[in-house]
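This report refers to the structure that appears directly beneath it.
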4 protein chains.
Amino acid sequence: MRKEEKRIEILKAALKVISGMGFEGAKMEDIAREAGVGKGTIYEYFESKNALLLEMIQYCTKCFQEGLEKTLAEEEDMLGKIRNLSMYGAEFLNAHAVLMNSQIVHQALPKDMETQMKRDWNLIYQTIEDEVRKGIHIQEIRSDIDPEMAVAIIVGGVNQYTFKKLMEDNFTPREIDHTGIAKTILAGLIP
Amino acid sequence: MRKEEKRIEILKAALKVISGMGFEGAKMEDIAREAGVGKGTIYEYFESKNALLLEMIQYCTKCFQEGLEKTLAEEEDMLGKIRNLSMYGAEFLNAHAVLMNSQIVHQALPKDMETQMKRDWNLIYQTIEDEVRKGIHIQEIRSDIDPEMAVAIIVGGVNQYTFKKLMEDNFTPREIDHTGIAKTILAGLIP
Amino acid sequence: MRKEEKRIEILKAALKVISGMGFEGAKMEDIAREAGVGKGTIYEYFESKNALLLEMIQYCTKCFQEGLEKTLAEEEDMLGKIRNLSMYGAEFLNAHAVLMNSQIVHQALPKDMETQMKRDWNLIYQTIEDEVRKGIHIQEIRSDIDPEMAVAIIVGGVNQYTFKKLMEDNFTPREIDHTGIAKTILAGLIP
Amino acid sequence: MRKEEKRIEILKAALKVISGMGFEGAKMEDIAREAGVGKGTIYEYFESKNALLLEMIQYCTKCFQEGLEKTLAEEEDMLGKIRNLSMYGAEFLNAHAVLMNSQIVHQALPKDMETQMKRDWNLIYQTIEDEVRKGIHIQEIRSDIDPEMAVAIIVGGVNQYTFKKLMEDNFTPREIDHTGIAKTILAGLIP
DNA sequence: AATGAATGAGAATTCATTCAT
DNA sequence: GATGAATGAATTCTCATTCAT
């Protein structure tokens, strides 16, 4: 129990430090300091730096996934769900920039992390794909739509817009037009 | 002249090695070997590893930008342009995975790089935004669309789909349904 | 405490190695070996090689200064003081040749070191100047003498002679005629 | 002839660069730039960096020696000679700080340089010792004086004073009281 | 269990020297 | 002869990991 709590403490510290300095920029010492423990202590809880990062990614995607399911459940229709996805994603991205755009990270990390991250992200995609399929079923979404494509457009579109607004235009998550992006994704671009 | 060529040679080698091993995984020695020069030679052309990476990113975004403009010019209508964007992006991503989604890199690199990268990527966004505005003008795209959102959905959607197909499903760039994703982006998801 | 001791240990090792191989000839690895620690350990105590050298010089001048005050206090009259200065300087020079004539070092070291060294050496000069002033006061030394000149002649003359004897003629510190040089400095060269 | 001139050009450049950056701080490239030749060209004239430095020291001490003899010959009595030594030394030191205080350099340089420098400096000491002996002969200097000590006091005293004034107090060579230091050395410190 | 001092393998960088032009 | 681009051995410095306290 006590042990499990400190584990989480270290994972959170790792997330924070990595969000600020990137994967390789994060030194074990920084993480230890942030977690308020000694450098050696981390090794009581995690095999190695890589193991820590790996668990951190899992922890983080699990958190995201759980919050995502809750936020999606709060809304009935597709528009509301995408808007909530955008809002939730923006806050998460704002807090932990590094992880949201996980694609690139693959390359820089050992193979085992890559695999893990693929698995974790597939879960998130799957969650959204389920919503898309439900939408198709109740005819909120066209039946000729490839659900995989729909997920890509929703996730990619929302992410890209959010990222741009947060990082380039220095918006706060609240200032982003989540409804607008959701509507545009749904309605498409043509007349 | 000779000097400029070798510079490019080293940049290409850096791109290749970094694409395979990530930013930190790439050792100067590897890059030198790949470029067919001695370790010290790189320092004749670039101040430091960071400087090399910075220039490499710039070089790469410049290349992407140029190819992008050409590929967009080959098509008349929006559908064709997005399809070409998807195809072109897939091939580029396939060749140099690291750089396509350079957002993440921000975190790991010094501040001056961040600024440069923002500038470079804005150019790419701008190029696509120009196309969107043209599309609005000739009423191919709805006039109530926020061009910035349209760009995000196009770029984000295409990237996300491409990335998924290439990395997760191990498609080759040719096997991806570029027309399908383009149509779906344009037509939207609702009936 | 333990930490401070090891610091001194490393400083002593640095002094020893540098005395033997010169500033640039001394490699961090040599210093580490001499100190009986690992290469990385030095960096736990000192920022960089230059920082280590700087502190080493300071430590060394401080040691010299302290010993100097003690040895000067042992004698009453000017002749005894100069003789003791000569003896003490010879032993110090014999042990750590590099540092005695630190003037030259100025050139090779960063600006901040230069400042520090000037300050440290001024202290040593000041100590001797104080003795000269006392000597003037009790009319052991002529009142028309510029104390600054007197210091230069005492320090320069003693050093030069000592250096010659030790380095050129391979005398041991004991074999040098310290009384002779002291007498000659005091009495001057003319009839 | 042409060859010999360029040789001298490089030697002068080496002296200048070394005066500014110290022995190890001086890079071959800097010396080449200062001399207005290519890096490779230096190797047409000198075997190696060490060989260049060695010759530079010799060249420099030869120059000093020649100038010294001339300046000493300009004066009849000991006072004038020491005053001239002080003036000449100050100007030389002002121009080429590194070399005047050659004592310390020994340690940092390879053995062959040390030997050469000892030989060169002995020549300079010898020149002054000759003057001292002459002075003793014509009873300008006391006959019980050890000439070696006299030389040390003259050279050391003058150097130390000059160095202090130039480096610490930022005097120009002209502003130094050369007559004062010469008189004090000769007359001694006691009443 | 917790710590942080110690470590050394490994990386970036420097620079005297070479050699093709 | 002159050059400066190329080189790699040698050096400084980093940081994940270990381990005695």
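Below, each value reflects all heavy atoms present in this structure, side chains not excepted, and no hydrogens, waters or symmetry copies.
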To the nearest angstrom, how far is [X] atom [atom1] from [N] atom [atom2]?
X: A/K49; N: F/dA16; atom1: NZ; atom2: P; answer: 4 Å
X: B/F46; N: E/dA12; atom1: CZ; atom2: P; answer: 15 Å
X: A/E47; N: F/dT17; atom1: CD; atom2: P; answer: 10 Å
X: C/E29; N: F/dA10; atom1: CD; atom2: C1'; answer: 11 Å
X: D/K27; N: F/dG4; atom1: NZ; atom2: C1'; answer: 19 Å
X: B/R33; N: F/dG8; atom1: CZ; atom2: P; answer: 12 Å
X: B/M28; N: F/dC13; atom1: CE; atom2: C1'; answer: 16 Å
X: A/L52; N: F/dT17; atom1: CG; atom2: P; answer: 10 Å

Show every donor-acceptor pair shorter than 3.5 Å between a side-chain atom in residues 31-39 of chain C and any protein atom, with sequence neighbours excluded, or say none if there are none.
| unit_1 | atom_1 | unit_2 | atom_2 | d |
| --- | --- | --- | --- | --- |
| C/E34 | OE2 | C/K16 | NZ | 3.3 |

Drop me the distance from [X]'s [atom1] to [Y]'s [atom2], to the nearest 0.5 angstrom.
X: B/Y45; Y: B/E55; atom1: OH; atom2: CD; answer: 13.0 Å
X: C/M28; Y: C/T41; atom1: CE; atom2: OG1; answer: 11.0 Å
X: A/L123; Y: A/F64; atom1: CG; atom2: CZ; answer: 12.0 Å

Counter-base of E/dA1, judged by Watson-Crick or G-U geometry with both distances under 3.5 Å: none
Base-pairing assignment for E/dA6 (Watson-Crick or G-U wobble, both under 3.5 Å): F/dT17
Under 4.0 angstrom between D/K6 side-chain N/O and F/dA2 OP1 or OP2: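 For D/K6, the contact criterion (side-chain N or O under 4.0 Å from OP1 or OP2 of F/dA2) is met.
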Most 5' of C/V37 and A/G36 on DNA chain E, judged by nearest nucleotide: A/G36
Proximity to DNA chain E (any heavy atom under 4.0 Å), residues of residues 38-45 of chain D only: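 By residue number: D/K39, D/Y43.
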Shortest non-hydrogen contact between C/D30 and C/G25, atoms and distance: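 Looking at all heavy atoms of both residues, the closest pair is OD2-O, 4.1 Å.
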Basic-acidic side-chain contact under 4.0 Å: B/E44, B/K6: no
D/E29, CD atom: more than 12 neighbouring heavy atoms under 6.0 Å: no
